[in-house]
Chemist: 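The structure's right below; bear with me while I get my questions together.
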Amino acid sequence: MSQLGYGYTRSEVVTLSSDYAVDLGLRDDGKDLTMKWFYNFIRRWPEIHIRKPSSLSELHAKSTSPECINNYFTELDKILTKYDLKDKPHLIYNVDEKGINTGGTKPPNIVTSKEKVAQVVTSERSQTITVLGCGNAAGANIPPFLVFPEKRMLPELLTGATPGCDGTVSETGYSNSDIFNSYIKNHFLKYVQGRDPSQTILLLYDGHRSHISLSLIQWARKNNIILFVLPPHTSHLLQPMDVGCFGPFEAIYQQSAHKFMRQNIGRSITRYDVCALACKVYNHALCPENIRSAFRKSGIYPLSADVVDSSCTMPSLVYKGQVEIERDNQENNDNSKEKSEQKVTDGASKETGYLLDKTTEFFNKRGGELQKKARRSISSIIGGKAITEQDTFEKVKEYTETSKNKSKNQQTEKLDDSQQPGTSGININNSVELDENDEEILEEEKCCICKKFEPEALKNKPYIQLRTLSNEVDIIVNSTARNLNLTKGAVSNSVLQTGGPSLQMECSTNYPNGIQFGEVAVTNGGNLQCSKVLHGSIPSWDVDGAALGVLRTFMDNCLTLVNQYGCSSVAFPALGTGNLNFPKDVVAKEMFQCVIDFSSNQPNSSVTEVKFVLYDKDIQTVQAFEAEANRRIVMKKAMKVEV
C-alpha cells in the first residue's frame, strides 16, 4: 500500500495486526497489541522502516504512468537523434519558475536551552516574487530573472543583483505569457553560451498555459530552437529544475532569510531585499554540479528512461486498474462476454484490486461501466511533444483557431494576456473567457439515475457563477478600508474610478466615522450599471479563525440587504485574497457555503443569482474557486465569464 501511495501509520499497523491476531484466535478481543510489540516486530523484519513520505498530489499520481513516461522518452529520443543533440549537453536547456516569499519563511532548527520554547521572528507580511531559472545539461546556468509584484519597474528592485540578472513586474508577482515570451526572446537568447544560429537548441519546460503561444512557437522555429513540452503533471520526475535545483534553492533561501532577519533585527524582508538574497542563493543552488545531476536524474542527459524508478509510477496503477482483481462470478453474470485476464502488476495489492472492483460494481448498478470522457485540453496535444515540429505546430494552430471561433460564437472577446489592475478585482473595460479548455455540457453528463442535469430541488436556488465582471447585476459588493476611503485597494479603487466621485461623497457624508469590520455601508451605484453598491471591510487573515468569521458575517449581511431591497442578483469580489492574505481555497469554500446556507435559511428569498468576481490573471484564486465550484452541484459546468 505504501508503494501505491496509501501507506499505513504505526497505529494503523498495530490495529490491523490486533484484528488479525483476534481473527486467528491468538489474542482475545479487546486486548490490542502495543507499540512495544510494533517496535519488536520491525526489529524482526529489518527491511521494514518508518519513513516520512513526500506528498504527491492526485493529478501527479494519475499522470505519472509507465506508458506516459515511456512515450515521453521515446519522443525525446526521436528529437535528440533527429537534431544530433545526444552528445551536445551545452545545447539542451530547461527553464522553470520558482516562487519565493518576502515573509513567512520556515524557521530553521536553532541552538537553544531545553527549558525554553524556541521562537524565531519572521517577516509579518508576505509578497510572492517569481524567479525564472534556466540551465543546460553541461552545468551552465542562465542568470536569474525576477518578477516583482509591482505596477512599474523600479531600479531599486534589482539592488544587489549579480551580473546578468534582470527583472520585470506584474500585478501578482507571477509570470504570464507576455513575461515568459519576453524572457525567452530576450533574456534566454542573450545568455545562451556560444550561440550559433546554425546550431539547434533544445529547450524543455512544463506545459503551463503561459508557456504556450503561437507567436512564441513561430519565433522559435525561425531561430532554430526546439520547444519541448513535458507531459502534464510529471515535472516532479522529469523536469531538471524541479528534480535537483529548486529544492536546494528553497532550502538555502530559507536559511539566508533567517540570517538576514538576525543580522538586521527590527527589519522585515521587503521586495527591495529579495534580489540580493535570491541572486546569491541562485548561484549556490544552480551550481554546475547540481544542474548536471538534475539532468542526469531526470534521464535527459545522458538519455535514459531507466533512471525513473518504477516505484515512482506505482500510484498511477490504482487509477489505471492494473492490479489483480478476483471475479469469480463474472462468468455467471455475463456468459456472452469473453473472460478477461488481468495480470498482477508488481507491487499492486489485492486489497486495492478489491476496492477497484467494488467501485466498478457500484457504477455498473447505476447505468453502465465507469467511463472517462476525454477532456478538450491543449495538454493532450502538446504533452510530451516538441511543439515546434510541423505536425504538432499544426495541431496547436488548429486548436487555437477552434478556440477563437468558439469564443466568437459565444459573443465574448478574448482579453490580451498583459497585466491588468488588481489581484482579485474588477476591470470594467474588457471581456475574457476564464479558460479556453472549458467544456460544453453534453447529453452524456446527465445524472445516470434521474437523467437530468441537476435535481429539481435546486431549480429555485441561487445560481452561482464565476466571473471577472458583470455589467448586468442589481448590486455590487465592494471590499475597502474601514474608513471608507475608496481609493484603498485595487477592487475599491476600480469601483470608484468607474462609479464616479458620488460614491466617495455618499460614504463620507453618511458614514463620517467609517464602519466596523463586517458592517455594510450602502451607496447608490453612480455610473456603475447597478442600483446599489455595498461597501464593507474585513480584517487580515489570522490563524485562530476570527477573520474568517468576519468574512462570513459580512457576506450574510450583504445577502440579507439584497433580499430586503427585493433584488435578484449580486456580485461579490474574491474577499480577502489580495493583501489581506486569506488562503484562497478557504475563501472559495467559505463564500460558496455562505451562499448555500443563506439559500437554505431563506427559501423564499428574492436572490436568484450570485456572481463571484475574479481577476483572470490571479491564477491561484481562479483555480481555487474552480476547484470549489466543481465540488458543488449548484455550479453550472459551462460558465460564461464576462467583464
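These numbers come from the heavy atoms of this one structure, side chains and all, not from hydrogens, waters or symmetry mates. Computed from a predicted structure; not experimentally measured. Count residues from 1 along the sequence.
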Chemist: Does a donor on one side chain sit under 3.5 Å from an acceptor on the other, for Asn94 and Gln239?
Modeler: yes

Chemist: Give the minimum heavy-atom separation between Val587 and Leu575, together with the two atoms involved.
Modeler: CG1-O, 3.2 Å

Chemist: Could you state the interatomic distance from OG1 (Thr577) to CG (Asp618), rounded to the nearest 0.5 Å?
Modeler: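 One finds 5.5 Å between OG1 of Thr577 and CG of Asp618.
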
Chemist: Nearest 0.5 Å please: distance from the CD1 atom of Ile212 over to the OH atom of Tyr399.
Modeler: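 If we round to the nearest 0.5 Å, Ile212:CD1 and Tyr399:OH are 11.0 Å apart.
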
Chemist: With no hydrogens and no angle check, is any side-chain donor or acceptor of Thr402 less than 3.5 Å from a backbone partner on Glu398?
Modeler: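 Yes.
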
Chemist: Please report the closest heavy-atom contact between Ser198 and Asn224, naming both atoms and the distance.
Modeler: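 Reported closest heavy-atom pair: O-ND2, 3.2 Å.
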
Chemist: Decide ring pair (Phe, Tyr, Trp, His ring centres under 6.0 Å) for Tyr93 and Phe188; before the verdict, give the C-alpha distance in whole Å, the side-chain angles of both, and the deciding distance to 0.1 Å.
Modeler: CA-CA 10 Å; Tyr93 286 82; Phe188 169 78; 5.3 Å; yes

Chemist: Between Met241 and Leu286, is the side chain to side chain contact (heavy atoms under 4.5 Å, CB included) condition met? List the steps.
Modeler: CA-CA 9 Å; Met241 291 294 112; Leu286 275 72; 3.9 Å; yes

Chemist: Check this for me: does any side-chain nitrogen of one of Glu250 and Lys98 sit under 4.0 Å from a carboxylate oxygen of the other?
Modeler: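 Yes, this pair counts.
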
Chemist: Where do His284 and Lys280 come nearest, in terms of heavy atoms and distance?
Modeler: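 Reported closest heavy-atom pair: ND1-O, 2.9 Å.
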
Chemist: Let me know which of Phe572, Tyr615, Phe612 forms a ring pair (Phe, Tyr, Trp, His ring centres under 6.0 Å) with Phe625.
Modeler: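 Result: among Phe572, Tyr615, Phe612, Phe612 is the only option passing the ring pair (Phe, Tyr, Trp, His ring centres under 6.0 Å) with Phe625.
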
Chemist: Between Lys385 and Glu389 (salt bridge meaning N to carboxylate O under 4.0 Å), is one present in this structure?
Modeler: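 Looking at Glu389 together with Lys385, the answer is no, because their closest N to O distance does not fall below 4.0 Å.
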
Chemist: Between CZ of Phe582 and CG of Leu580, what distance do you get to the nearest 0.5 Å?
Modeler: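 Spacing of CZ (Phe582) from CG (Leu580) equals 6.0 Å.
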
Chemist: Would you check if Leu56 and Pro315 make a side-chain contact, meaning some heavy-atom pair closer than 4.5 Å?
Modeler: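 Of all side-chain heavy-atom pairs linking Pro315 with Leu56, at least one is under 4.5 Å.
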
Chemist: Starting at CD1 of Ile225, measure out to CG of Leu202 and round the result to the nearest 0.5 Å.
Modeler: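 With rounding to 0.5 Å, CD1 (Ile225) is 10.5 Å from CG (Leu202).
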
Chemist: Kindly say whether Ala490 contributes a backbone atom to a donor-acceptor pair with the side chain of Ser494 at under 3.5 angstrom?
Modeler: no

Chemist: Would Arg296 count as a cation-pi partner of Tyr301, with NZ or CZ less than 6.0 Å from the six-membered ring centre and within 45° of the ring normal?
Modeler: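 Negative - Arg296 is either too far from the ring of Tyr301 or too far off its axis.
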
Chemist: Is the shortest side-chain heavy-atom distance between Leu203 and Val95 below 4.5 Å?
Modeler: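 Side chain of Leu203 against side chain of Val95, heavy atoms only: contact under 4.5 Å found.
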
Chemist: So does Ser310 get a backbone contact from the side chain of Thr313, meaning a donor-acceptor N/O pair under 3.5 Å?
Modeler: yes

Chemist: Does Glu150 pair with Arg271 as a salt bridge, N-O distance under 4.0 Å?
Modeler: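 Judged by the 4.0 Å cut-off on N to carboxylate O distance, Glu150 and Arg271 do form a salt bridge.
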
Chemist: Where the side chain of Lys88 meets the backbone of Asp84, is there a donor-acceptor pair that is under 3.5 Å apart?
Modeler: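 Yes, because the side chain of Lys88 sits within donor-acceptor range (under 3.5 Å) of the backbone of Asp84.
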
Chemist: Any side-chain heavy atom of Leu85 sitting closer than 4.5 Å to one from Ile201?
Modeler: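 Heavy-atom side-chain distance check fails, nothing below 4.5 Å.
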
Chemist: Can you tell if the side chain of Pro240 reaches within under 4.5 Å of the side chain of Ile300, non-hydrogen atoms only?
Modeler: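 SC-SC contact between Pro240 and Ile300 confirmed.
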
Chemist: Which heavy atom of Cys312 sits nearest to which heavy atom of Thr64, and what is that distance?
Modeler: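 Shortest heavy-atom contact: O-CG2, 4.1 Å.
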
Chemist: Apply salt bridge (Lys or Arg N to Asp or Glu O under 4.0 Å) to the pair Lys395 and Asp391, showing each step before the final yes or no.
Modeler: CA-CA 6 Å; Lys395 291 178 182 179; Asp391 55 343; 5.5 Å; no

Chemist: Under 3.5 Å, side chain of Thr388 to main-chain N/O of Leu227, donor-acceptor pair present?
Modeler: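 Such a contact is found between Thr388 side chain and Leu227 backbone.
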
Chemist: Looking at side-chain heavy atoms only, is the closest gap between Asp77 and Thr74 below 4.5 Å?
Modeler: no

Chemist: For residues Tyr183 and Cys134, report the shortest heavy-atom separation together with the two atoms involved.
Modeler: OH-CB, 3.3 Å

Chemist: If we count only N and O atoms by modelled type, under 3.5 Å, do the side chains of Glu97 and His211 hold a donor and an acceptor together?
Modeler: yes

Chemist: Parallel, tilted or perpendicular: which one describes the rings of Tyr205 and Phe180, with boundaries at 30° and 60°?
Modeler: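 Rings of Tyr205 and Phe180: perpendicular, over 60°.
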
Chemist: Does Ser210 form a side-chain hydrogen bond (donor to acceptor under 3.5 Å, both in side chains) with Asn176? I'd like the steps, not just the answer.
Modeler: CA-CA 5 Å; Ser210 64; Asn176 57 37; over 6 Å; no

Chemist: Search all heavy atoms of Gly384 against all heavy atoms of Tyr72 and return the closest pair with its distance.
Modeler: CA-CD1, 4.4 Å

Chemist: Does some side-chain heavy atom of His187 sit less than 4.5 Å from a side-chain heavy atom of Pro143?
Modeler: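 When only atoms from C-beta onward are counted, His187 and Pro143 do touch, with a gap below 4.5 Å.
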
Chemist: Hey, what do you get for CD1 (Ile226) to CG (Leu91), rounding to the nearest 0.5 Å?
Modeler: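 Rounded to the nearest 0.5 Å, the CD1-CG separation comes out at 10.0 Å.
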
Chemist: Would you check if there is a donor-acceptor pair between the side chains of Thr128 and Asn101 at a distance under 3.5 Å?
Modeler: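 Side chains of Asn101 and Thr128: pair found under 3.5 Å.
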
Chemist: Do Ile69 and Pro66 have side-chain heavy atoms sitting under 4.5 Å apart?
Modeler: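 No, their side chains stay 4.5 Å or more apart.
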
Chemist: Answer yes or no: is there a donor N or O on one side and an acceptor on the other, between the side chain of Thr130 and the main chain of Gly173, under 3.5 Å?
Modeler: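 Indeed, once roles are kept as given, a pair shorter than 3.5 Å links the two residues.
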
Chemist: Check step by step if side chain to side chain contact (heavy atoms under 4.5 Å, CB included) holds for Phe148 and Thr168.
Modeler: CA-CA 6 Å; Phe148 296 92; Thr168 187; over 6 Å; no

Chemist: Using the test side chain to side chain donor-acceptor pair (under 3.5 Å), find all partners of Glu156 that sit at least two apart in sequence or belong to another chain.
Modeler: none

Chemist: Side chains of Thr270 and Asp273: any donor to acceptor distance under 3.5 Å?
Modeler: yes

Chemist: Test Cys68 against Ser63 for side chain to side chain contact (heavy atoms under 4.5 Å, CB included), laying out the working first.
Modeler: CA-CA 7 Å; Cys68 175; Ser63 303; 5.8 Å; no

Chemist: Please step through side chain to side chain contact (heavy atoms under 4.5 Å, CB included) for the pair Leu277 and Val274, ending with a clear verdict.
Modeler: CA-CA 5 Å; Leu277 289 172; Val274 169; 5.7 Å; no

Chemist: With a sphere of 6.0 Å drawn around NZ of Lys297, does it hold more than 12 non-hydrogen atoms of other residues, nucleotides or ligands?
Modeler: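 Open.
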
Chemist: Does Asn493 reach the main-chain N or O of Gly489 with its side chain, forming a donor-acceptor pair under 3.5 Å?
Modeler: no

Chemist: So how far is it from Ser215 OG to Asn181 CG, rounded to the nearest 0.5 Å?
Modeler: 4.5 Å

Chemist: Please determine if Asp585 and Lys589 form a salt bridge, counting it only when a charged side-chain N lies under 4.0 Å from a carboxylate O.
Modeler: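 Judged by the 4.0 Å cut-off on N to carboxylate O distance, Asp585 and Lys589 do not form a salt bridge.
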
Chemist: So, the side chain of Asn290 versus the backbone of Ala285: is there a donor-acceptor pair under 3.5 Å, distance only?
Modeler: yes

Chemist: Would you tell me whether Asp206 and Ser235 have side-chain atoms, one donor and one acceptor, within less than 3.5 Å of each other?
Modeler: no

Chemist: With a 4.0 Å cut-off on N to O distance, would you call Lys190 and Asp166 a salt bridge?
Modeler: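 The answer is no: the pair does not qualify as a salt bridge.
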
Chemist: Are Val307 and Ser304 packed together at the side-chain level, in the sense that at least one heavy-atom pair is separated by less than 4.5 angstrom?
Modeler: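 The answer is yes; the side chains approach within 4.5 Å.
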
Chemist: Can a donor-acceptor pair be found, under 3.5 Å and without considering hydrogens, that links the side chain of Ser182 to the backbone of Ile179?
Modeler: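 Such a contact is absent between Ser182 side chain and Ile179 backbone.
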
Chemist: When you measure from the side chain of Thr498 to the backbone N and O of Val495, does any donor-acceptor pair fall under 3.5 Å?
Modeler: no

